[in-house]
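See structure below.
Below, chains carry the letters A, B, ... as their sequence lines are ordered, and counting in each starts from 1.
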Protein chains: 2
Amino acid sequence: MPPENAKRPTIYDVAREAGVATSTVSRALSNPDRVNARTREHIVAVAERLGYSTNPLARALPSGRTQTLALFVSDITNPHFFGIIRGAEQQARAAGCTLIVGDTEESPDLESRNIERLGRSVDGFVIAASRMTDKAIKQLAAQHRLTLVSRQVGGVPNAIVDHVDGTRQIIEHLASLGHRSVVYLAGPRRSWLAGQRWRAVQPVARRFDMTAARLGPFPPAVHGGAAAADAALGSGATAAIAHNDLLAIGMLRRFAERGVRVPEDISVVGYDDIFGADFCSPPLTTLAGPFEEAGRVAVDLLLSMRDPVRNHPPRRDVVLPSHLATRSSTGQAPR
Amino acid sequence: MPPENAKRPTIYDVAREAGVATSTVSRALSNPDRVNARTREHIVAVAERLGYSTNPLARALPSGRTQTLALFVSDITNPHFFGIIRGAEQQARAAGCTLIVGDTEESPDLESRNIERLGRSVDGFVIAASRMTDKAIKQLAAQHRLTLVSRQVGGVPNAIVDHVDGTRQIIEHLASLGHRSVVYLAGPRRSWLAGQRWRAVQPVARRFDMTAARLGPFPPAVHGGAAAADAALGSGATAAIAHNDLLAIGMLRRFAERGVRVPEDISVVGYDDIFGADFCSPPLTTLAGPFEEAGRVAVDLLLSMRDPVRNHPPRRDVVLPSHLATRSSTGQAPR
DNA sequence: CAACTTTTGGCAACCGCTTGCCGCAACTGT
DNA sequence: ACAGTTGCGGCAAGCGGTTGCCAAAAGTTG
């Protein structure tokens with residue numbers, strides 16, 4: 001028996017069966033106040049009996065509203081995005097929307113191509129950790145409803161976790177442990193966060209009279225850790241700040257291989273507090289943040305662009321607080 | 001400037017501009033052989049110039065084909081599903097389809113509700129690690145195109161990793177290390193895999209003259225590990241097989257807390273070989289499998305249901321080979 | 001050159017639902 | 001009792017494509 005063999009009932013079937021016009025059925029179902037309570041009940045009962053359910057495509061065609069949102073993440077295999085995905089999905093569901101999750105595999109091209117492709121069938125986009133240029137984002141934002149996570153571009157609503165303040169926390173923590181020289185292992189060149197973080201490292205390091213160097217870029221994945229670890233060691237710094245936890249974990253592994261003790265010989269810090277950061281060895285000191293919340297906020301911003309509320313100017317640049325999860329990968333600087 | 005203010009050109013605009021009928025435009029774009037090469041080129045050029053792109057919704061309405069597939073996983077925060085998601089997405093993209101990924105949060109209700117909700121706007125469903133009953137699945141499969149990952153239900157196409165053989169590998173490995181008693185820490189009652197695995201444990205254990213016990217169910221997450229570890233210890237077994245790596249990692253943590261040495265005091269094995277299994281401490285022995293492939297196959301099966309090929313009966317019950325990733329969490333049985 | 005086949009393009013009817021506008025009937029106030 | 005509201009339901013025109021059917025044009029054949 002092939003599926004879908006029996007045609008599903010339409011609004012016409014319901015109308016005929018209930019002895020009313022299709023418009024009445026439509027209104028009874030989606031605009032309840034517009035029709036008499038008695039008729040509505042009757043229609044609903046008939047619809048129920050026939051097993052009617054409205055076809056979202058047909059509904060979306062005239063209105064252009066699909067009740068669907070899309071979320072793109074730069075690497076779906078990075079547990080960091082879990083929180084964002086789950087938060088976004090919850091919020092979307094709460095608003096009666098479906099969420100499409102897509103992986104753009106670190107490719108700005110794939111980002112814009114996906115957006116172009118889905119443009120008509122989605123009410124808006126959230127892009128997490130976009131790898132596109134500012135210009136490309138602005139251009140896309142002029143054509144489509146768009147919000148960002150972990151990225152700020154003039155005029156485009158976004159939600160970020162405060163990594164500038166977070167970086168301050170990291171440096172202060174390292175300073176308090178007596179470190180005088182720190183190295184930042186950078187993420188991909190296209191990553192906005194990578195630039196921001198490095199820019200945040202410098203002034204704070206200066207304030208604490210530490211030397212700071214940047215190395216990289218490295219692929220923001222575990223396999224990038226080996227090269228990063230070797231480079232960090234070569235730099236002579238006593239503390240290493242990795243672009244993210246994936247990279248940090250890869251570094252820890254490499255250090256273990258080479259017999260370098262963490263934190264006795266070198267301290268390591270990551271960003272994101274991903275799954276695994278608390279049980280790698282040694283457990284990783286890392287900057288944690290409310291990423292689930294960031295996902296929720298980004299969807300909220302998107303929905304408020306779609307359904308603008310009077311006297312309620314859309315928020316932009318929502319900054320969420322971060323905090324340092326201090327674990328054993330950081331310790332007293334070797335003297 | 002509000003986005004979407006300028007209406008996008010339709011097929012009518014292109015037709016008018018090119019001086020042909022809409023049907024010709026439609027055919028030129030989607031059925032190239034049906035129109036003269038010269039006219040086609042002209043139409044394509046005009047379409048290009050106007051920035052026309054076809055509205056997928058309008059296209060989907062008459063045909064019922066949306067070129068969209070949905071994948072539901074039982075817990076999107078379990079890294080195990082990464083591979084499946086990525087594989088499915090790649091295959092979907094290769095076929096020109098969009099993939100919707102949804103999290104059903106271990107709830108069979110959410111599974112069926114989601115399917116009901118998306119039924120009309122999607123060409124088919126893949127469910128990974130479904131928590132629904134056989135009956136519910138069969139019923140849904142009669143109404144919708146549906147394939148499964150990590151689940152077998154009579155008649156419904158599916159892709160699984162061979163956990164029966166995998167379980168044999170686990171037991172043999174433990175037997176070879178001198179273990180005589182093993183305990184299986186079960187996953188959720190609704191998990192089909194949990195049942196299958198336990199059923200696979202028994203005969204093999206018997207063959208090797210080991211005693212086997214089952215405890216649980218435990219939530220298949222890190223936080224379920226504490227209770228599981230305590231229970232395993234209480235059972236007196238020298239080896240513990242956890243329902244999945246999340247649970248196993250939680251157990252390792254609890255053992256560490258309680259000062260129980262792994263593998264000296266007790267050996268631990270998991271399933272799935274997730275991100276983190278190789279860097280927890282001790283690194284986890286676990287059953288690995290080609291899950292990315294499983295995701296790909298499930299999408300393939302789905303597509304072949306949608307576009308049946310002559311003399312090409314649909315495959316079902318695709319079984320992929322598994323292999324044991326042996327690490328330090330298993331060792332000689334204590335005498 | 002007539003008769004016949006094959007291309008090629010147009011007409012118009014859907015696909016299933018929403019919504020602006022209209023008219024009827026019941027209700028209101030004087 | 002009559003004109004003026006108001007509430008409720010129906011008509012029909014879209015939304016933007018696809019496609020079966022048909023006719024005109026072009027090509028083929030004897």
Side-chain angles (χ1 to χ4, degrees), chain A residues 4-44 46-47 50-68 96 117-123, chain B residues 4-44 46-47 50-68 96 117-123:
Chain A
E4 317 278 338
N5 47 359
K7 294 194 55 167
R8 303 201 42 173
T10 75
I11 206 172
Y12 291 93
D13 300 320
V14 177
R16 182 162 14 82
E17 191 74 9
V20 296
T22 62
S23 50
T24 307
V25 176
S26 172
R27 284 195 273 256
L29 265 28
S30 53
N31 200 349
D33 300 334
R34 189 62 179 67
V35 5
N36 185 303
R38 283 254 297 285
T39 358
R40 174 168 13 109
E41 275 162 31
H42 177 216
I43 291 173
V44 169
V46 170
L50 262 46
Y52 169 82
S53 70
T54 125
N55 179 335
L57 263 64
R59 191 201 312 255
L61 186 49
S63 66
R65 290 288 196 88
T66 58
Q67 305 289 54
T68 301
R117 221 168 69 74
L118 288 181
R120 317 282 311 149
S121 26
V122 146
D123 289 349
Chain B
E4 315 277 340
N5 49 356
K7 294 195 56 167
R8 306 200 40 172
T10 73
I11 204 171
Y12 291 93
D13 300 319
V14 177
R16 181 162 13 84
E17 191 74 9
V20 296
T22 63
S23 50
T24 308
V25 177
S26 172
R27 284 195 274 257
L29 264 29
S30 52
N31 201 351
D33 299 334
R34 188 64 178 64
V35 0
N36 184 305
R38 284 252 297 285
T39 2
R40 178 176 359 118
E41 276 163 30
H42 177 217
I43 290 174
V44 169
V46 171
L50 262 45
Y52 169 82
S53 70
T54 123
N55 179 334
L57 263 64
R59 201 217 286 272
L61 185 50
S63 66
R65 287 287 196 88
T66 58
Q67 305 288 57
T68 302
R117 220 167 72 72
L118 289 180
R120 317 283 310 151
S121 28
V122 145
D123 290 349

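- Side-chain contact between I11(A) and S26(A): present, with at least one pair of heavy atoms (C-beta onward) separated by less than 4.5 Å.
- Remark: P of dG9(C) and CD1 of I43(B) are 7 Å apart, rounded to the nearest angstrom.
- Proximity of Y12(B) to the phosphate of dT18(D): no side-chain N or O atom is located under 4.0 Å from OP1 or OP2.
- Helix bend of the helix from dC1(C)-dG30(D) to dT30(C)-dA1(D): the angle between its two end axes, each built from five pairs, comes to 30° after rounding to 10°.
- Rounded to whole angstrom, the span from the CD1 atom of I11(B) across to the C1' atom of dG9(C) amounts to 14 Å.
- The side chain of S26(A) contributes no N or O atom lying less than 4.0 Å from OP1 or OP2 of dC17(C).
- Of the possible polar contacts, one joining the D123(B) side chain to the T66(B) backbone as a donor-acceptor pair under 3.5 Å is found.
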Short N/O separations, protein against nucleotides 5-9 of chain D, under 3.5 angstrom:
| residue | atom | partner | partner atom | Å |
| --- | --- | --- | --- | --- |
| dG9(D) | OP1 | T39(A) | OG1 | 2.6 |
| dG9(D) | OP2 | N36(A) | N | 3.0 |
| dG9(D) | OP2 | T39(A) | OG1 | 3.4 |
| dG9(D) | N7 | R34(A) | NH1 | 3.2 |
| dG9(D) | O6 | R34(A) | NH2 | 2.5 |

Stepwise, does the side-chain contact (heavy atoms from CB on, under 4.5 Å) test hold for Y52(B) with L29(B)?
-> CA-CA 11 Å; Y52(B) 169 82; L29(B) 264 29; 3.6 Å; yes

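- Under 3.5 Å, the side chains of R8(B) and S53(B) contain a donor-acceptor pair of N or O atoms.
- Remark: P of dG9(C) and CG of L29(B) are 14 Å apart, rounded to the nearest angstrom.
- Between atom OG1 of residue T68(A) and atom CG of residue L118(B) there is a gap of 8.0 Å, rounded to the nearest 0.5 Å.
- As a whole-Å value, the separation of N31(B) CG from dT7(C) P is 14 Å.
- Comparing S63(A) and S63(B) by the nucleotide of DNA chain C whose heavy atom lies nearest to each, the residue mapping closer to the 5' end is S63(B).
- Closest approach to the T10(B) side chain among dT18(D), dT18(C), dG16(D) is made by dG16(D) (side chain taken as heavy atoms from C-beta onward).
- Remark: Q67(A) CD to R117(B) CZ distance equals 9.0 Å, nearest 0.5 Å.
- Taking atom CG of residue L61(A) and atom P of nucleotide dC17(C), one finds them 12 Å apart after rounding to whole Å.
- One can place CZ of R8(A) at 13 Å from C1' of dG16(C), the figure rounded to the nearest angstrom.
- Heavy-atom nearest nucleotides on DNA chain C were determined for G19(B) and for R59(A), and the one closer to the 5' end corresponds to G19(B).
- Atom P of nucleotide dT8(C) and atom CD of E41(B) are separated by 13 Å, given to the nearest angstrom.
- With contacts defined as side-chain heavy-atom distances shorter than 4.5 Å, the pair P9(B)/E17(B) does not qualify.
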Side chains of residues 31-40 of chain B: which donor-acceptor partners sit under 3.5 Å, not counting sequence neighbours?
| residue | atom | partner | partner atom | Å |
| --- | --- | --- | --- | --- |
| N36(B) | OD1 | R38(B) | N | 2.7 |
| T39(B) | OG1 | N36(B) | O | 3.1 |
| R40(B) | NE | P32(B) | O | 3.3 |

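- With rounding to the nearest 0.5 Å, the separation of CG in L61(A) from CG in L61(B) is 6.0 Å.
- Atom CG in D13(A) sits roughly 9 Å away from atom P in dC17(C) (whole-Å rounding).
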